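Please read the structure below before turning to the comments.
Values reported hereafter were calculated over all heavy atoms of this structure, with side chains retained and with hydrogens, waters and symmetry mates removed. For clarity, every value in this text was computed on a predicted model and none was experimentally measured.
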Amino acid sequence: IIIPLLTPGDNILVTVTKQNYYRYSVSVPVIPPAGAYVVYDSLSISDGAKVETNMGNGNGLLDYGEDPFLDMRLENVGTQPASNVSAVLRSEDSFISIPDSVESFGDFTSGESKWILDAFKINVFSTVPDLHNCNFTLVATDGANQWTSYFSIKAHAPKLEFNGITISDPLGNNNGK
């Protein structure tokens, strides 16, 4: 097997297998051997029901027609600190808009992660298909360096199907019409 040269910003697919177990594959970013490197770590969906907004129903899922906040954790996986880090959230998904796309995360030491509540606000269109993967790009920067991360969130929507009509008219002529 010939392994091509990998540079920071590339991703490598790592697959772990074992007999009688499910295969696990994950894309791992290639990072530089020195310097800061701030990446997306995790998120939670803050869709608590608020009367004055259409945030959602509080189930922590990305549902159709909701306008939730994304609580987000970034981590500096590099060997050096990062100062004045800010992040921009982007999506080219036709079922998503992002009215609040910029957040300041401040300073990171090497290995430090930071969790910001209500970091970004998004809108999920009511036309989003059930189980649609909404893809996002997060670009973090300290003014001198830029780090790009990718993630997706599965959207949920009702899937209605017509299954026929039954008419019950026991007090009428009982002909089912």
Consider only side-chain heavy atoms of I, L, V, M, F, W and Y, link residues closer than 4.5 Å, and tell whether Tyr64 and Ile45 are in one cluster.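 Same cluster: Tyr64 reaches Ile45 through Ile, Leu, Val, Met, Phe, Trp or Tyr contacts under 4.5 Å.
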Are Val39 and Leu138 connected into the same hydrophobic cluster when the rule is that any two of I, L, V, M, F, W, Y join if their side-chain heavy atoms are below 4.5 Å apart?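 Yes: a chain of side-chain contacts under 4.5 Å links Leu138 to Val39.
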Output every pair passing side-chain hydrogen bond (donor to acceptor under 3.5 Å, both in side chains) with a member in residues 107-117, not counting sequence neighbours, ordered by first then second residue.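 For residues 107-117: Thr109-Glu112.
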Of all the heavy-atom pairs spanning [X] and [Y], show the shortest one and how long it is.
X      : Y      : result
Cys134 : Asp93  : CA-OD2, 3.4 Å
Ile98  : Ile96  : CG1-CG2, 4.1 Å
His156 : Asp130 : CA-OD1, 3.6 Å

My understanding is that only residues two or more places apart in sequence, or in another chain, count here; which of them pass side chain to side chain donor-acceptor pair (under 3.5 Å) with Asp10?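 For Asp10, the residues satisfying side chain to side chain donor-acceptor pair (under 3.5 Å) (neighbours in sequence not counted) are Thr7.
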List the residues meeting side chain to side chain donor-acceptor pair (under 3.5 Å) with Gln146, not counting sequence neighbours, and say none if there are none. none
Once rounded to the nearest 0.5 Å, what's the spacing between atom [atom1] of [X] and atom [atom2] of [Y]?
X      : Y      : atom1 : atom2 : value
Leu62  : Leu43  : CG    : CG    : 9.5 Å
Ser126 : Glu66  : OG    : CD    : 12.0 Å
Asn76  : Trp147 : CG    : CH2   : 7.0 Å
Ser42  : Leu70  : OG    : CG    : 11.5 Å
Asp63  : Asn57  : CG    : CG    : 5.0 Å
Tyr37  : Thr79  : OH    : OG1   : 13.0 Å

So which residues get pulled into [X]'s cluster when ILVMFWY side chains under 4.5 Å apart are joined, directly or through others?
X     : value
Ile2  : none
Leu13 : none
Val88 : Val102

For [Y], does its backbone N or O pair with a side-chain atom of [X] as donor and acceptor, under 3.5 Å?
X     : Y      : value
Ser46 : Asp118 : no
Ser91 : Asn135 : yes
Asp47 : Gly60  : yes

Taking only residues two or more places apart in sequence or in another chain, which ones pass side chain to side chain contact (heavy atoms under 4.5 Å, CB included) with [X]?
X      : result
Val28  : Ile12, Val14, Val26
Pro129 : Phe95, His132
Thr17  : Thr15, Arg23
Glu103 : Phe105, Ile116, Ala119, Phe120

List the residues meeting ring-ring contact (aromatic ring centres under 6.0 Å, His included) with Phe136, not counting sequence neighbours, and say none if there are none. Phe151
Residues pairing under salt bridge (charged side-chain N to carboxylate O under 4.0 Å, His left out) where one sits in residues 70-82, two or more places apart or in two chains, turn out to be Asp41-Arg73
Side-chain donor-acceptor pair present, Asn84, Asp142, cut-off under 3.5 Å: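 The answer is no; no qualifying pair exists.
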Please determine whether side-chain contact (heavy atoms from CB on, under 4.5 Å) holds for the pair Leu74 and Phe108, giving the CA-CA distance in whole Å, both sets of side-chain angles, and the decisive distance to 0.1 Å. CA-CA 9 Å; Leu74 299 186; Phe108 287 81; 4.0 Å; yes
Check: Ile122 and Ser97 side chains under 4.5 Å, non-hydrogen atoms: no
